[in-house]
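Step one of this worksheet: look at the structure below.
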Amino acid sequence: MRVPLSWLLEYAPVGLAPDDDAGVAEMARRLTACGLEVESVERVGQDISGVVVAEVLDVEELTGFNKPIRYCAVSTGDGQDRHVICGATNFAAGARVPLALPGAVLPGGFEIGARKTYGKVSEGMICAVDELAIGDDHTGILVLPPDVPLGIDFIEYAGLRDVVFDVNVTPDKGFALSVRGIARELAIAYDVPFTDPAETGLPADALEVSAAVYPASIADPTGCDRFVLREVLGCDPSAPVPLRMRVRLARAGQRSVSLAVDVTNYLMLELGQPLHAYDKARLSGPIVVRRATSGEKLETIDHIVRELVPDDIVISDSTGPIGLAGTMGGVESEVSDSTRDLVLEAGHFSARGVARMSRRHRLGSEASARFERGVDSELQRRACARATVMLAEFGGGTAVPGCTYAHVDVEPVTITMAAGYPDRVAGLAYGLDTVQTRLRQVGCLVEVEPGVARDGGVTLRVTPPSWRPDLTDPADLAEEVIRLEGYQNIPVRDVRATAGRGLTASQRLRRAAGRALAYHGFVEVVSHAFMSAADFDKLQLPAGDPRRSAVRLSNPLTDDEPFMRTTLLAGLLRTLARNVGRGMPDVALYEFGLVFHARPDEAPFAPILPVDHGPSEADTAELAAALPDQPLHVGVVLAGNAEPPGWWGPGRQAGWQDAVEAARIVLRSARVAFEVRADQREPWHPGRCAAVVMLDGEREVLVGHAGELHPRAIAALGLPARTAAMELDFSAIERVADTLGPVQAPPLSSYPVAVQDVALVVAQGVPAADVERALLAGAAEVGDIRLESLNLFDIYTGGQIGDGNKSLAYTLRFRAPDRTLTAEEASAARDAAVAEAARRTGAVLRGAN
Amino acid sequence: MSAPNKSYDPVEVAALSPGELERAQAGALAAIAAATDLDELKAARIAHAGDRAPISLARAEIGALPPAARAEAGKRVGATRAVIIQALALRQAELESERDRRVLVDEAVDVSLPWDRTLAGARHPVTTVGERLADVFVDMGYEIAEGPEVEAEWYNFDALNFPPDHPARDSYDTIFVASPDGRERSGVVLRTHTSPVQIRAMLTRPLPLYVVSPGKCYRTDTLDATHSPVFHQIECLAVDEGLTMADLRGAINAFVAAMFGEGLRTRLRPDYFPFTEPSADVSMECHVCRGASTKPGAPPCRVCRSQGWIEIAGCGMVNPRVLVACGIDPDRYSGFAFGLGIERSVMIRHGVADIRETIEGDMRFSRAFGTEA
């Protein structure tokens, strides 16, 4: 909320001049410290000088120009006539106007001098509203009332020199969306007496109810509990808005519209009570505050026709809805430039109701912002009475005595609080007096209950004021005390260490796996979390693939991406393409992130549980049943070179091997047993796709796939040829890794190693992994001899071993725990390994046949 | 070799004469000195210390001498031979070291040549800074709690004291999951903050409770330099008997010291969050200029925009209503919470000007941070 300093000082008389920069800064600091954050401080009107009040003595219309040009004689009352050129025509001789004398400075540092123009010498300028920065009106000269003394300083007269605070009001502090609320806080902060504007300038009949005023009733007490109408008859619709009011509205960021609208806006800003003015001639029948009925429509003053729903709170007359309560009025009953008889409305509407309505209709207004945050429930008759007084005075109308007052009794809120509670929240002893004083300062009625409270102190019975509907709990009251006493005075108590258990195994594992990938050249990214229907197709996912069972969003960020990702690959591959597009063809990326699978048995709706007690296990189970599966996945994508070329020679193209190795890197960091097998799954190349299977005891757990992407997927996604990818269900890995005990150290033998090379001929289709596993299994059968390592050092295909075969050459390294192996022992171990390979895979020792 | 001859006169055995031996020695030393490389020295060794060398032949003649003469002749031959062998060894060492010098010089390489044959990997700063932030709390005894990103509204809002019509629950701010049967509201959202993890922790962990929860959050913010609809938060929550705002301030100060440096002042100012009461926003003294940029005439500070303070977090005492919704007795327990954006921390700590760089996945961005930030 933008609020001028001068307006605040009217009700909180802190002695402060607008040009006292240090004092203004201190005021901003104090407001911020009490919870009204001053976002900016703007000096206004302080760069203007040399503008005085003058009278137009004579007007000479110059001819021969393509627009009206007037040569005016003006006087400031010092007996010296001046002449100015002016293009406006909204004044006549005798009008009093602001005159910028030669040497004057107007807003923006615009200097006025005597100059020759249109064949005459213009000794200054008579000013329009926009030239004085008090509005955007440039349709004519600002004509002042005839009784303004000549020659006086116009800047002083109009109150132009000021400071405007822009206060960011948090949603709980509805009272601070007004000069009244901010001035009250200011008075507390400076310990000066506060004058309540709601009790200022009231007529004697402010609270009186009269049957003579336009009738109204409340049909739905859940939507409205106070509804006040007043009438002012015979107003002059062209009556000018008093200059100071106009200036203040401008400072607060409100455009001047008409006297009726400006008065309602002015009082809304001053008091926080939104008001609405109706053209009485355009109302018919009694006004009723009710819920809308289906099918009703209303054209609001922004000229949008709104389809109403039964939850909307409307103001209606016999013709139907004439306004959205507390949000916006309708065009039909709007005041116009011919309106003479006014009906003024001040209501107190349901905060929830207005909030829902303004959001439903995408219609936020100054009024709805206030009602949503809470308006003083005792302000309606006062605000309406003041509006009546002002309109009668400024518009020359007649106020009809008394008001229509429809109201519903509302139980006042009282809060009992141990007087020591704020101390316990803050960690600081304020004492009973301070607590009571602070609560009374914000307007609470505070009584000490007889007897002793549970904590040994006294109990306070606190009735918050009508303008603080946000105060409902002891915690709210504690906050009032603590903020007014100053957050800066809260002591600092050093942290007491608690007995934490550190990271869980899974949390450590995630970090380890991420580091392992990074050390192997992969770059971590945070990729896009959403998917489009087209993404599933581009990834070549067949119909019925579980990755097509995605969680759908009702209001996605972009309409064509309504799904939560079911695979990391869509986002990762997009990021890969972006890097390639930015001139980095060698890409290796990884990501850890949740993917989301809609569950077939998912409950359609997560209930909103009560909040006045903790949920039962059945309650939380019900919530859990409505949530999708959200496993953590890890994915990598690669393209271009895995190893760059250089002075050492050519590079190495990234491929399926790197993707599969990335899976091994992750699984090795988790220490889980696994196998890599050929598989077929989209979006991978059917001949270059590996399934990664964890071995959890007897159980096999498929954790994901790796390999080169399918050429169709590569084409559809616009990726470099041979792009490779891996994706694993890391949550599944965590579950198995969690069951592993600590690593058990292997016995290390210091006896010599016995090295044996074997070349095994197998059919092309036999996976090397099977041969390797068989060799290991066979060697394990040979007493205490350990096959310490085996290394595939050559793969040969060619005529010598027959078509459809391949030769796999391994180096086997055997060792015994307690002796040097003899040649016979080493050969026997080798033979046992080869025999098992022969049994399992049909391997034949090369050269042995 | 001749047979022993008792009447043999050593003087008459020419090879053993002192003159001959001197000549042999002089010839050997001259040849050794003249050898300019190891091959020449090898030839000299064969010629002057080999089996056919004069000194070797002389030694073979010793046996032919009468026993009485053998000792003296042996001594003479031995001494001569020792001189030759020593000279050979010396020269050998000289020539070897010369050769080594030459070879090692020949083998010298340009050690500044690049050998980056693998690509540089990196972790994302949101990960590494997130870990650091979490570890500060873990070191204080907190445990890391995690929760789902697709979350029930009750956890994300109701239990955190957001009333049913709170504006944050509007589709303007929150992304909702569509219900499979087309109902208006599924009661499921993409979590808008990590605070629902607080609720889950309070419902599942024993008291007292000290947890920290980092994680990804979603809001319908429009992507610009400082806002991202997908971002990461980290929040700490303490629930114990007798916790006050003084404890909250202590935790904040410890956190700021660990993350940004010792001795930085912190400041709380009133703010509003439904789930804390009282609530505050936390600012810390700018860790770069330490307030110096606010002095007249001082150079401007890019990090705090010469404000001297940087807003880093929101915090407050857990609203007793939140405790009640979790079945915790607010008369016995109190709690505090504070949370901050991880991207914002990355931006403050590492001078990132545009939040979009954290989600675009440009490798140059992550690589600049290496594996630990």
Side-chain angles (χ1 to χ4, degrees), chain A residues 32 35 170-172 352 355-356 359 425-427 475 479 482-483 487 490-495 497-502 507 514-515 518-527 529 551-555 557 575 578-579 584 586 588 594 596 604-606 608-609 611 614 623 626-628 630 643, chain B residues 117-119 121-124 126-127 138 140-144 148-150 152-154 158-159 165 170-171 175-181 183 186-188 210 229-230 244-247 249-251 253-254 268-272 277-278 280 317 319-320 324-327 359 361 363 366-367 371:
Chain A
T32 300
T170 53
D172 58 324
R352 272 186 68 176
R356 291 165 69 101
R359 286 211 298 281
V425 174
E479 183 182 51
I482 296 166
R483 77 177 172 91
Y487 279 11
I490 296 166
V492 174
R493 184 151 69 171
D494 283 340
V495 171
T498 61
R501 291 167 296 183
Q507 288 160 354
R515 285 200 179 92
Y519 293 151
H520 281 87
F522 291 92
V523 175
E524 188 179 21
V525 294
V526 178
S527 83
V551 173
R552 179 188 279 274
L553 304 171
S554 64
N555 58 326
L557 289 173
T575 309
R578 181 177 298 138
N579 278 285
M584 290 167 286
D586 303 336
L594 300 192
F596 307 86
F605 181 77
I608 303 295
L609 303 177
V611 291
L623 293 179
L627 297 182
Q630 307 177 45
E643 293 169 16
Chain B
R117 300 189 59 170
T118 53
L119 301 170
R123 296 199 297 156
H124 197 280
V126 164
T127 301
V138 170
M140 290 190 238
Y142 288 63
E143 293 180 4
I144 297 180
E149 290 171 13
V150 174
E153 268 194 74
W154 187 81
D158 299 88
D165 293 304
D170 189 67
S171 60
I175 302 174
F176 287 84
V177 168
S179 63
D181 65 354
R183 276 197 211 219
S186 62
V188 179
Y210 291 83
V230 181
T244 70
M245 289 183 84
D247 297 298
R249 291 201 65 187
N253 284 0
L268 301 192
R269 300 207 296 206
D271 203 338
Y272 171 73
E277 186 81 33
M317 300 304 290
N319 193 316
V324 168
C326 295
I359 55 167
M363 292 190 297
S366 288
R367 272 196 186 135
T371 51

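All chains are named by letter (A, B, ...) in the order of the sequence lines, taking the proteins before the strands, and each is independently numbered beginning at 1. Quick caveat: nothing in here was measured; it's all calculated off a predicted structure.
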Task: Under 4.5 Å from a heavy atom of chain A, the part of B/Val150 involved - done: both

Task: Main-chain N/O of A/Arg493 paired to B/Asp247 side chain as donor or acceptor, under 3.5 Å - done: no

TODO: Please flag which part of B/Ala159 lies under 4.5 Å from any non-hydrogen atom of chain A: side chain, backbone, both or neither.
DONE: backbone

Task: Partner chain B: residue of A/Asp494, A/Thr170, A/Ile482 with the largest heavy-atom pair count (under 4.5 Å) - done: A/Thr170

Open item on the list: For the interface with chain B, which of A/Val525, A/Asp586, A/Ile608 has the highest count of heavy-atom pairs at distances below 4.5 Å?
Closed with: A/Ile608

- [ ] Side-chain contact test, heavy atoms from C-beta onward, threshold under 4.5 Å: evaluate it for A/Tyr487 versus B/Met245 and give yes or no.
- [x] yes

Open item on the list: At a 4.5 Å cut-off on heavy atoms, which part of B/Asp158 comes close to chain A: side chain, backbone, both, or neither?
Closed with: both

Open item on the list: Using heavy-atom distances under 4.5 Å, tell me whether B/Pro148 contacts chain A through its side chain, its backbone, both, or neither.
Closed with: both

Task: Structural part of A/Arg578 lying under 4.5 Å from a heavy atom of chain B - done: side chain

Open item on the list: Closer than 3.5 angstrom, by distance alone: can the side chain of B/Arg249 be matched with the main-chain N or O of A/Ile490 as a donor-acceptor pair?
Closed with: yes

TODO: Please examine the side chains of B/Ser179 and A/Phe605, heavy atoms only from C-beta on, and report whether any two atoms are closer than 4.5 Å.
DONE: no

- [ ] Tell me, out of A/Gly521, A/Gly35, A/Gly500, A/Gly427, who's got the most heavy-atom pairs with chain B below 4.5 Å.
- [x] A/Gly521

Task: Contacting region of A/Glu643 [heavy-atom separation from chain B under 4.5 Å] - done: both

Task: Most chain A-contacting option - heavy-atom pairs closer than 4.5 Å, from B/Ala152, B/Pro229, B/Ala246, B/Ser171 - done: B/Ala246

Open item on the list: Please check: side-chain N/O of B/Glu143 versus main-chain N/O of A/Arg501, any donor-acceptor pairing under 3.5 Å?
Closed with: yes

Task: Backbone N/O of B/Pro278 and side chain of A/Arg483: donor-acceptor pair under 3.5 Å - done: no

- [ ] Kindly check if the number of other-residue, nucleotide or ligand heavy atoms within 6.0 Å of CZ (B/Arg117) is above 12?
- [x] yes

TODO: To the nearest 0.5 angstrom, please state how far the OG atom of B/Ser186 sits from the CG atom of A/Leu553.
DONE: 9.5 Å

- [ ] Find out whether A/Glu524 and B/Val126 are in side-chain contact, i.e. whether some heavy atom of one side chain is under 4.5 Å from a heavy atom of the other.
- [x] no

Task: Selection from A/Leu609, A/Thr575, A/Val551 maximising heavy-atom pairs under 4.5 Å formed with chain B - done: A/Leu609

- [ ] Name the option with the most non-hydrogen atom pairs under 4.5 Å to chain B; the candidates are A/Val492, A/Asn555, A/Val526.
- [x] A/Asn555

Task: Most contacts with chain B, counted as non-hydrogen pairs under 4.5 angstrom, among A/Leu557, A/Val495, A/Asn579 - done: A/Asn579

TODO: Check whether B/Val230 gets within reach of chain A through its side chain, its backbone, both or neither, counting any heavy atom under 4.5 Å.
DONE: side chain

Open item on the list: Could you check whether any side-chain N or O of B/Ser366 sits under 3.5 Å from a backbone N or O of A/Val523, counting only pairs where one atom can act as donor and the other as acceptor?
Closed with: no

Task: Top contributor to chain A contacts, counting heavy-atom pairs under 4.5 Å, from B/Ile359, B/Ile144, B/Thr118 - done: B/Ile144

- [ ] Counting only heavy atoms closer than 4.5 Å, note whether B/Met317 contacts chain A via side chain, backbone, both or neither.
- [x] side chain

Task: Spacing of A/Leu594 atom CG and B/Glu149 atom CD [to the nearest 0.5 Å] - done: 4.0 Å

Open item on the list: Could you measure the distance from the CE atom of B/Met363 to the CZ atom of A/Phe522? Nearest 0.5 Å is fine.
Closed with: 12.0 Å

Open item on the list: At a 4.5 Å cut-off on heavy atoms, which part of B/Phe176 comes close to chain A: side chain, backbone, both, or neither?
Closed with: both

Open item on the list: Which residues pass the ring pair (Phe, Tyr, Trp, His ring centres under 6.0 Å) test with A/Phe596, not counting sequence neighbours?
Closed with: none

Open item on the list: Which residues pass the salt bridge (charged side-chain N to carboxylate O under 4.0 Å, His left out) test with B/Arg269, not counting sequence neighbours?
Closed with: none

Open item on the list: Quick one: does any side-chain atom of B/Glu277 pair with a main-chain N or O of A/Glu479 as donor and acceptor, under 3.5 Å?
Closed with: no

Task: Side chain, backbone, both or neither of A/Ala529 within contact of chain B (heavy atoms, under 4.5 Å) - done: side chain

TODO: Give, as side chain, backbone, both or neither, the part of A/Arg515 having an atom under 4.5 angstrom from any heavy atom of chain B.
DONE: both

